Amino acid sequence: MAVVEIKTTTPPTGLSEFWYYFSRNKGAVIGLVVFAIILFLAVFAAFVTPHNPSIQNREVLLLPPAWAEGGRLTYFLGTDAVGRDILSRLIYGARFSLFIGVVVVSISVVSGVLVGLIAGYFRGRTDTIIMRVMDIILAFPSLLLALVLVAVLGPGLLNAMIAISLVNLPHFVRLTRAAVMTERTKDYVIASKVAGAGTLRLMFLTILPNCLAPLIVQATLAFSAAILDAAALGFLGMGAQPPTPEWGTMLAEAREFIQRAWWVVTFPGLAILITVLAINLMGDGLRDALDPKLKRS
């Protein structure tokens, strides 16, 4: 009599479970690889750039890319209107864009989670006041509100980051509030309260850890939105100021040459597109890996 062996597979747990669901989204893996390359270039910009991004060479004004007629290998992506190497400025621009994203997301997450926790846990008049303020902020177009704030604070990279953080704040407040309202009525929270846990312990150690999954996904998407908003403000002259090698500022400086020197506009635009797309693809993968409702069996 033949014996049939039944093999059982143990479901992945912890980090292996996260990577299992994340890696099933091929777009997310590609986005992670692209983002890792951009991050590497940004961190080691001083070692991988062929030229100083601020040095002007008057002998190679608007030099085309290396593969175009008249191009040089030493300036692989060409030069801008004052002879600065575009490739070097793009790599250093990655530093500014990623730095902006990290700072904006950090400010938005910390302040948004704190305010959302207070609104969702205490409810009542506190919740009403907080959410009406958030509704007022959301009533304005995000870029327009950021422009007004920068106009009041003054043009500059720091003020641009503060303005973008405030624009992104309501999304984290609303998301945190909704998650807290869902969790606060569950049995484990009630049991902790009965056991004598204080308000701060309930908020930050009992409820908050169970609300992190959607917040991580939202933070990833806010990261890409911050890069876009910073580039838009730079393009409009309200963000990073020349000669800072920031992608939006590079686009603003090059717009008058768009017809006769396509490369000075195309490559900064592609850098923004590729970076934002890679981060959004990673966000989709994080959503699949962290949201139990979307995990495929």
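Given the structure is predicted, the values throughout are model-derived calculations rather than measurements.
- Under the 4.5 Å side-chain criterion, counting only non-hydrogen atoms from C-beta, Pro53 is not in contact with Arg84.
- Here the closest non-hydrogen pair linking Leu175 and Pro214 is CD2-O, 3.4 Å.
- Side-chain atoms of Thr74 and Pro50, non-hydrogen and from C-beta on, never get closer than 4.5 Å to each other.
- Atoms CZ and CD1, from Arg89 and Ile55 in turn, are 11.5 Å apart once rounded to the nearest 0.5 Å.
- In this structure, CG on Leu32 lies 10.5 Å from CG on Leu281, to the nearest 0.5 angstrom.
- A salt bridge links Arg177 with Asp127; the closest basic N to acidic carboxylate O contact falls under 4.0 Å.
- No side-chain heavy atom of Pro141 sits under 4.5 Å from any side-chain heavy atom of Leu145.
- In this structure a side-chain-to-backbone donor-acceptor pair under 3.5 Å is present from Ser88 to His51.
- No hydrogens or angles considered: nothing links the side chains of Asp85 and Thr79 as a donor-acceptor pair under 3.5 Å.
- The line from CZ of Phe44 to OG1 of Thr49 is 13.0 Å long, rounded to the nearest 0.5 Å.
- Under the 4.5 Å side-chain heavy-atom criterion for ILVMFWY residues, no single connected hydrophobic cluster contains both Ile86 and Val82.
- Proximity of Val115 to Phe172: side-chain heavy atoms (C-beta onward) are nowhere separated by under 4.5 Å.
- Side-chain contact between Ile100 and Leu157 is present, with at least one heavy-atom pair separated by less than 4.5 Å.
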(message) Determine whether Thr220 and Ser224 satisfy the following criterion, side-chain contact (heavy atoms from CB on, under 4.5 Å), listing intermediate values before the conclusion.
(response) CA-CA 7 Å; Thr220 305; Ser224 62; over 6 Å; no
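- Both Trp247 and Val34 are assigned to one and the same hydrophobic cluster, defined by single-linkage of ILVMFWY side chains at heavy-atom distances under 4.5 Å.
- Between Thr206 and Ser192, the shortest heavy-atom contact is CG2-OG, 3.8 Å.
- For Ile258, the CD1 atom is loosely surrounded, since the number of other residues' heavy atoms within 6.0 Å does not exceed 12.
- The number of heavy atoms from other shown groups lying within 6.0 Å of CZ (Phe257) is above 12.
- Within 6.0 Å of CZ on Arg125 lie no more than 12 heavy atoms contributed by other residues, nucleotides or ligands.
- Salt-bridge annotation for Asp135 and Arg174: present, with a side-chain N of the basic residue lying under 4.0 Å from a carboxylate O of the acidic one.
- The 12-atom threshold is exceeded at CZ of Phe122, counting heavy atoms of other residues, nucleotides or ligands nearer than 6.0 Å.
- In this structure, Asp288 and Arg24 have side chains that are not in contact, with every pair of non-hydrogen atoms separated by 4.5 Å or more.
- Listed here is the closest heavy atom pair of Leu90 and Pro268: CD2-CA, 3.6 Å.
- Linking Ile, Leu, Val, Met, Phe, Trp and Tyr residues whenever their side-chain heavy atoms come within less than 4.5 Å leaves Val110 and Leu200 in two separate clusters.
- The line from CD1 of Ile216 to CD of Gln218 is 12.0 Å long, rounded to the nearest 0.5 Å.
- Using a 4.5 Å heavy-atom threshold, the side chains of Val264 and Leu251 count as separate.
- Under a hydrophobic clustering in which Ile, Leu, Val, Met, Phe, Trp and Tyr are joined whenever their side-chain heavy atoms come within less than 4.5 Å, directly or via other members, Trp263 and Phe76 fall into the same cluster.
- In this structure, Arg255 forms a cation-pi arrangement with Phe235, its terminal cationic atom sitting closer than 6.0 Å to the ring centre and no more than 45° off the ring axis.
- In this structure, Thr249 contributes its side chain and Gln241 its backbone to no donor-acceptor pair below 3.5 Å.
- Cluster annotation: Val152 is not connected to Val104 through the hydrophobic network of ILVMFWY side chains, with a link wherever side-chain heavy atoms come within less than 4.5 Å.
- Counted by atom type alone, Glu246 and Tyr92 present zero donor-acceptor pairs between their side chains at under 3.5 Å.
- For the pair Val180 and Cys211, the minimum side-chain heavy-atom distance is below 4.5 Å.
- Closest heavy-atom contact between Leu77 and Phe267: O-CE1, 3.6 Å.
- Using modelled atom types, one side-chain atom of Thr266 and one backbone atom of Trp262 make a donor-acceptor pair closer than 3.5 Å.
- Between the OH atom in Tyr121 and the CZ atom in Phe204 there is a gap of 11.0 Å [rounded to 0.5 Å].
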(request) Kindly indicate, with the supporting measurements, whether the criterion side-chain contact (heavy atoms from CB on, under 4.5 Å) is fulfilled by Met181 and Arg123. (result) CA-CA 9 Å; Met181 289 173 59; Arg123 302 299 307 278; 3.4 Å; yes
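- Summarising the geometry of Ala42 relative to Leu98, their closest heavy-atom pair is CB-CD1, 3.9 Å, with the distance given to 0.1 Å.
- Here CG of Leu290 is found 12.0 Å from OH of Tyr21. Values are rounded to the nearest 0.5 Å.
- Taking the six-membered ring for Trp and thresholds of 30 and 60 degrees, Phe223 and Phe35 have ring planes more than 60 degrees apart, a perpendicular arrangement.
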(request) Evaluate the criterion side-chain contact (heavy atoms from CB on, under 4.5 Å) for residue pair Leu233 and Leu147; output intermediate values, then yes/no. (result) CA-CA 7 Å; Leu233 290 176; Leu147 277 172; 3.6 Å; yes
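- Summarising the local packing, CG of Leu144 is surrounded by more than 12 heavy atoms from other residues, nucleotides or ligands at distances under 6.0 Å.
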(request) Just do the side-chain contact (heavy atoms from CB on, under 4.5 Å) check on Leu208 and Met203 with the steps written out, would you? (result) CA-CA 6 Å; Leu208 181 58; Met203 290 172 62; over 6 Å; no
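- Distance alone, capped at 3.5 Å, places no donor-acceptor pair between the Thr275 side chain and the Ile272 backbone.
- Between Leu169 and Ser108, the shortest heavy-atom distance links the atoms CD1-O, 4.0 Å.
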